[in-house]
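What follows is one structure encoded as structure tokens, with my remarks underneath.
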Amino acid sequence: MTRHWAAGPGLVHPTVRRWCAVALTTLSVATLVTISAGLLTASVAPWRFVRFIPFERPAGWIPVAVTAVAGLVAAGWLGLRTPAVRRAVTGFGTVAVLLTLCAGAAANVGSVLAGDPAQAPAKLVATTGGLELVAHLADQRHYRLRTTGPFAREGTTDVACTAHQSEQERADVEAPPDGTHPPMMPAVRVESARFPDPTHLELTTTDGRTWTVRINGVNPDRTLDWCGRRSDEPR
């Protein structure tokens, strides 16, 4: 006797549908948990996972989250037998996808306007053992510490912030009281960097000075800031 399967979900053997539903559910839930854990870590910890940085901006995590939600909808469609329930799951998933896209698009605008330097390309400056110093090449140069390895972490505090490589001079952001144009001054940049030992970082700047910063893992004890007010520059 030949068995004819009906069109739709019945076209696939129930066991195959069940295992496909389980696999899709597991993968989708694991993806959503990973995204949530990564975003939570980046928001509360004084460091972030280097490999997760590209996903922190909504433009990075939105497509992944939408795909995971779509996977859950597909799993429900495969694993549920009642047509009414399948339609309800599909409708719920569609609404969830649309809400995710809208919320992510709004958050992406804020992220772009905020200009997180960690999202800019990074250049290796110095390394020692399991620690690195990288420069994020944004409007200014933001120097941050990283660990190495598959679970590399990057600190969220700048070791130093300097002018961009192309800037030869910059204006003091504190305008004189008489309303004249702020005076110009030479731009300060990092000329070289080295780790004399695992707890100290030594930076030589283009003004001829050398600075030593105490470090604890990826966290410096201070920031050498030449990106803000002249009165806030290190002395």
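- A 4.5 Å side-chain heavy-atom check between Ile53 and Glu154 finds at least one atom pair inside the cut-off.
- When atom types are taken as modelled, the side chain of Thr157 and the backbone of Asn219 share no donor-acceptor pair closer than 3.5 angstrom.
- For the residue pair Leu24 and Ala75, the shortest heavy atom distance occurs at CB-CB, 3.8 Å.
- Under a 3.5 Å cut-off, the side chain of Thr162 and the backbone N or O of Arg189 do not form any donor-acceptor pair.
- Thr212 has its side chain out of reach of Arg214: every pair of non-hydrogen atoms, C-beta onward, lies at least 4.5 Å apart.
- Residues Val64 and Thr31 form a side-chain contact, since some pair of their non-hydrogen atoms from C-beta on lies under 4.5 Å apart.
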Considering only distance and modelled atom types, tabulate donor-acceptor pairs under 3.5 Å from the side chains of residues 124-133, sequence neighbours left out.
from: Thr127; atom 1: OG1; to: Leu131; atom 2: O; distance (Å): 3.2

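- In terms of hydrophobic clustering, with Ile, Leu, Val, Met, Phe, Trp and Tyr side chains grouped at heavy-atom distances under 4.5 Å, Ile35 and Val73 are assigned to different clusters.
- Between Phe195 and Ile215 the shortest side-chain heavy-atom distance falls below 4.5 Å.
- Using the six-membered ring where Trp is involved, Phe55 and Phe52 have ring planes that are tilted, between 30° and 60° apart.
- Remark: the backbone N or O of Val33 is not paired with any side-chain donor or acceptor of Ser36 at under 3.5 angstrom.
- Here Arg194 pairs with Glu202 under the salt bridge (charged side-chain N to carboxylate O under 4.0 Å, His left out) rule; sequence neighbours left out.
- Considering only heavy atoms from C-beta on, Leu224 stays 4.5 Å or farther from Tyr143 through its side chain.
- Nearest heavy-atom pair, Arg51 versus Pro150, reported as atom, atom and distance to 0.1 Å: NE-O, 3.1 Å.
- Across Val50 and Arg153, no two heavy atoms sit closer than the pair CG2-C, 3.8 Å.
- A side-chain donor-acceptor contact under 3.5 Å links Arg235 to the backbone of Glu233.
- Phe49 and Leu39 fall within a single hydrophobic cluster, where Ile, Leu, Val, Met, Phe, Trp and Tyr side chains are chained together by heavy-atom contacts under 4.5 Å.
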- Task: Show your working on side chain to side chain contact (heavy atoms under 4.5 Å, CB included) between Trp47 and Arg144 and close with a plain yes or no.
- Result: CA-CA 10 Å; Trp47 48 265; Arg144 293 185 176 181; over 6 Å; no

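- Within the 4.5 Å cutoff, the side chain of Val159 has no heavy atoms near those of the Thr223 side chain.
- Taking both residues in full, the closest heavy atoms of Cys161 and Gln140 are given as SG-CB, 4.0 Å, listed atom of the first, atom of the second, then distance.
- Shown are Asp158, Val134, Leu137; of these, the side chain to side chain contact (heavy atoms under 4.5 Å, CB included) with His142 is made only by Asp158.
- Side-chain contact between Thr205 and Glu191 is absent, with no heavy atoms from C-beta onward closer than 4.5 Å.
- In this structure, the separation between CG on Asp207 and CH2 on Trp226 is 6.5 Å, given to the nearest 0.5 Å.
- Closest approach of Ser43 and Leu40 over heavy atoms only: OG-O, 2.8 Å.
- Residues His136 and Arg141 have side chains not in contact (no heavy-atom distance under 4.5 Å, counting atoms from C-beta outward).
- Between Asp221 and Val213, the shortest heavy-atom contact is OD1-CG1, 3.3 Å.
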